[in-house]
Amino acid sequence: MGLFERMKLQSRILPEKFLEEYGKNVLIYDAETSPNYMGIGFRSCDPNQEDRIFRLKENQDDIYEMISYLLSIKNCILCGYNNYSFDDVLLKKIYLWTVKNEDFTAKDIFEFVQKYLIDGKDKENTPEQKYYNYLRWKVALPLNLQSIDLMAMFFSKKQNIKSLKQLGVALEMPFIQELPYAPDKILTEEEIKHVEIYNTNDLNTTSSLFNHYKNDLVIAEEINKQSNYEINVQGKTKAQIAMTWIMHEYEKKTGIERWRAKEMVKKTFSLPLCDIVPEIEFETRECQELYAKIYSKVLYIDDSKIKRWETDRKYLKKDLHEEVKIGTLVINIKLGGLHSKDLPQSIIPKEDEILIDIDAFSFYPSLIKTLKINPRHLSLAWNEIYTKLIPERKEVKKHMKKAELEGNFELYEDLKKTSNALKLKLNSTYGMLGEVSSEINCPYASNQVTLSGQLYLIKLCEMLYLRGIQAISANTDGILVLLKKDKMDILREVCKNWSDLFNIELEEEFYKAIYKHHVNSYLAVKPNGRTKVKGDFRNYTSLASKNDCLVVKKAVIEYFVNGIPVEHTIKNSKNIYDFAFSFKASKHFELFFSYMGKTEDHPQQISCY
């Protein structure tokens with residue numbers, strides 16, 4: 001049985017119905033074009049509805065039927081991958097031709113795609129680029145349709161862009177297939193069938209990707225609901241969601257429109273750290289010297305080199321890079337955050353010891369609240385809007401715990417949506433303080449948050465050290481401590497004093513053991529046997545990185561957590577994807593595939609083996 005015959009038999013992956021509770025009906029869609037054929041495939045959440053492919057080719061024109069189909073679906077949201085740049089623009093152009101009663105063929109569509117969507121959109125200041133931008137940004141989707149572009153939402157930064165086929169590998173799709181023919185090939189009827197099978201395969205991958213990001217899409221809809229649908233953030237990145245929300249609330253409170261706030265952003269070319277460092281009294285000589293060094297520094301920003309998607313922090317000419325030693329703990333301090341110098345090690349507490357992780361609750365938002373940090377070009381109304389979310393989220397989490405204890409899981413899930421929406425607003429809004437393209441960009445504010453946080457954590461490590469308790473690791477918003485059980489009361493006393501001093505809450509989490517490669521790569525085992533993994537120990541599929549041979553990481557974790565020999569886990573794994581590797585060749589490679597004496601020229605660029 002050949003590839004296309006096997007692909008015909010694959011199961012359909014349906015997009016889940018989770019947005020229906022918000023009154024939205026999702027259609028996954030994807031378009032294919034060639035000089036003599038255009039097909040647009042649609043898939044709904046309803047398992048009783050077959051996929052629909054509307055064609056334009058010789059002796060077949062389904063355009064009006066497609067429009068009627070889309071009109072029949074209430075509150076329809078189209079969802080694709082890279083559709084903001086391609087499929088949506090194509091759909092707008094087809095509709096414009098249709099309402100003007102202009103005749104057009106598959107060849108006209110193909111030539112439009114090549115001229116404007118492939119060749120012309122990136123040619124600066126050309127008529128082709130201007131028309132592409134007009135269609136993309138100025139012309140709305142027809143028929144009151146909305147759309148979600150999963151690539152724009154989750155892979156928008158240039159360094160993170162991945163093809164749908166690369167994501168298919170990470171999603172463990174059974175078929176990873178590129179377009180089977182050259183884009184400019186005139187297709188036979190048999191070849192059109194192959195292209196439509198390929199289109200179905202893309203619908204499967206896009207549906208799987210849609211389901212993978214279920215929680216993120218629900219959070220976006222929950223934020224719409226929290227704003228009484230005064231804003232629509234569905235289809236936006238987390239950063240865009242945060243900015244849409246905060247600037248909408250700021251305009252309501254102050255009357256200052258978003259575009260005006262953007263014009264008010266102040267350029268910053270130097271940053272005296274004495275202007276942003278909080279007053280802290282350290283007791284040890286090492287910490288006092290560190291504080292004096294930081295306080296005296298001036299950082300310089302080369303604004304001319306900053307690109308749209310980058311941060312001020314990246315282009316500070318004279319970056320911050322200091323080090324301090326507290327007992328046996330060595331901490332590196334940089335502008336973006338602190339981390340300790342951790343050697344590869346296994347940390348297992350003895351019978352009379354406790355291993356405890358101490359984290360600051362909602363650390364950066366809490367710093368913004370207690371230090372009244374605010375973008376310098378905006379009024380304190382911004383801080384009021386932002387910080388009111390902290391007690392709201394704390395109250396929601398309190399009710400979540402109660403619902404979980406009472407076994408009211410339906411209420412728990414509803415509250416979890418609310419909590420996640422509040423968390424996104426808090427974390428992503430903070431992140432935009434350092435983005436040069438944002439309306440709240442302020443290097444003073446963003447760096448005051450990170451520097452204050454680092455100094456506060458260093459103070460906590462020092463306070464514990466002076467009471468005979470040694471922190472063994474520190475990173476971003478917390479520290480790790482290994483101590484004798486009889487010193488637990490002292491630790492909690494110190495933590496309470498620190499919390500009272502800085503008005504920031506601390507949370508505790510106990511571990512049975514930690515196996516560490518470095519500060520950002522470890523396996524932590526909790527008393528209930530559950531694990532927390534980070535960095536090289538990540539043993540689950542991540543769409544943000546490659547997932548080659550996950551069985552190795554799974555075997556290591558099973559060995560450390562359950563004492564199962566590495567060989568046993570590897571030999572007994574039944575998931576072929578645990579052993580898979582993937583490779584995407586650049587256009588500079590000359591490719592061929594050889595198997596059992598047979599050689600095939602021009603295999604596809606991405607392979608899973």
Side-chain angles (χ1 to χ4, degrees), residues 265-307 309-327 329-342 359-360 363-368 370-376 427 430-438 440-463 465 471 473-479 498 502 504 518-520:
V265 172
K266 296 178 180 178
K267 295 288 183 183
T268 304
F269 300 100
S270 65
L271 185 62
L273 298 189
C274 61
D275 289 350
I276 62 175
V277 170
E279 291 187 11
I280 303 177
E281 291 187 9
F282 288 102
E283 298 181 48
T284 60
R285 178 179 56 81
E286 293 85 355
C287 292
Q288 289 170 350
E289 289 176 354
L290 169 73
Y291 185 81
K293 280 183 183 179
I294 293 174
Y295 192 85
S296 64
K297 277 187 177 290
V298 179
L299 306 179
Y300 298 94
I301 298 173
D302 186 353
D303 187 67
S304 64
K305 291 186 177 180
I306 301 176
K307 298 177 182 177
W309 58 85
E310 293 172 331
T311 63
D312 290 321
R313 190 173 293 123
K314 183 175 179 180
Y315 281 92
L316 287 169
K317 277 186 175 177
K318 187 177 181 183
D319 203 355
L320 181 69
H321 191 176
E322 299 294 341
E323 186 175 286
V324 67
K325 188 173 183 181
I326 303 173
L329 181 69
V330 179
I331 299 175
N332 282 322
I333 297 95
K334 294 185 178 180
L335 204 58
L338 65 73
H339 64 270
S340 55
K341 285 186 174 180
D342 294 0
D359 284 335
F363 195 28
Y364 285 176
S366 297
L367 288 166
I368 291 172
T370 57
L371 296 172
K372 293 184 170 55
I373 296 172
N374 203 79
R376 289 193 162 194
N427 292 344
Y430 152 73
M432 295 306 288
L433 288 171
E435 289 287 339
V436 291
S437 61
S438 86
I440 63 173
N441 174 237
C442 179
Y444 277 83
S446 63
N447 293 307
Q448 186 178 2
V449 173
T450 55
L451 275 180
S452 300
Q454 291 180 72
L455 291 170
Y456 282 3
L457 285 180
I458 290 169
K459 180 62 178 175
L460 177 60
C461 292
E462 184 194 56
M463 290 170 68
Y465 176 70
S473 182
N475 191 23
T476 310
D477 61 354
I479 65 173
W498 184 91
F502 298 121
I504 294 172
H518 54 75
V519 71
N520 286 316

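Numbering starts at 1 and runs along the sequence shown.
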Report all side-chain donor-acceptor pairs from residues 271-281 shorter than 3.5 Å, counting only partners two or more places apart or in another chain.
none

Heavy-atom pair of closest approach, residues S340 and V519: O-CB, 3.7 Å

Residue pair I458, F282: steps toward the side-chain contact (heavy atoms from CB on, under 4.5 Å) verdict: CA-CA 9 Å; I458 290 169; F282 288 102; 3.9 Å; yes

Euclidean distance, I326 CD1 relative to K459 NZ, rounded to 0.5 Å: 10.0 Å

Check: T284 main-chain N/O paired with E462 side-chain donor or acceptor under 3.5 Å: yes

Under 3.5 Å donor-acceptor, Q454 side chain and K334 backbone: yes

Flag if over 12 foreign heavy atoms under 6.0 Å of OH, Y295: no

Polar side-chain atom of T450 near backbone of L335 as donor-acceptor pair, under 3.5 Å: yes

Under the side-chain contact (heavy atoms from CB on, under 4.5 Å) test, residues paired with D359 that sit two or more places apart: D357, D477

Set of residues satisfying ring-ring contact (aromatic ring centres under 6.0 Å, His included) with respect to F502, sequence neighbours excluded: Y456, W498

Taking every non-hydrogen atom, the tightest pair across L367 and S452: CD2-CB, 4.4 Å

Nearest-0.5 Å distance, NE2 of residue H339 to CD1 of residue I333: 9.5 Å

Verdict with supporting geometry, I294 and L320, side-chain contact (heavy atoms from CB on, under 4.5 Å): CA-CA 8 Å; I294 293 174; L320 181 69; 4.3 Å; yes

Atom pair CG/CD1 of L457 and I479 - distance to nearest 0.5 Å: 7.5 Å

Contact summary for V265 and S438, nearest pair of heavy atoms: CG2-O, 3.8 Å

Closest heavy-atom pair and its distance - S366, I504: CB-CG1, 4.1 Å

From I440 atom CD1 to L433 atom CG, the distance as rounded to the nearest 0.5 Å: 4.5 Å

Distance in Å, E323 CD paired with K293 NZ, rounded so as to fall on 0.5 Å steps: 9.5 Å

Shortest non-hydrogen contact from L329 toward C461: CD2-SG, 4.0 Å

Gap separating the NE2 atom of H321 from the CG atom of N332, nearest 0.5 angstrom: 4.5 Å

Electrostatic pair E289-R285, nearest N-O below 4.0 angstrom: yes

Smallest separation among heavy atoms of G434 and N441, with atom names: C-ND2, 3.6 Å

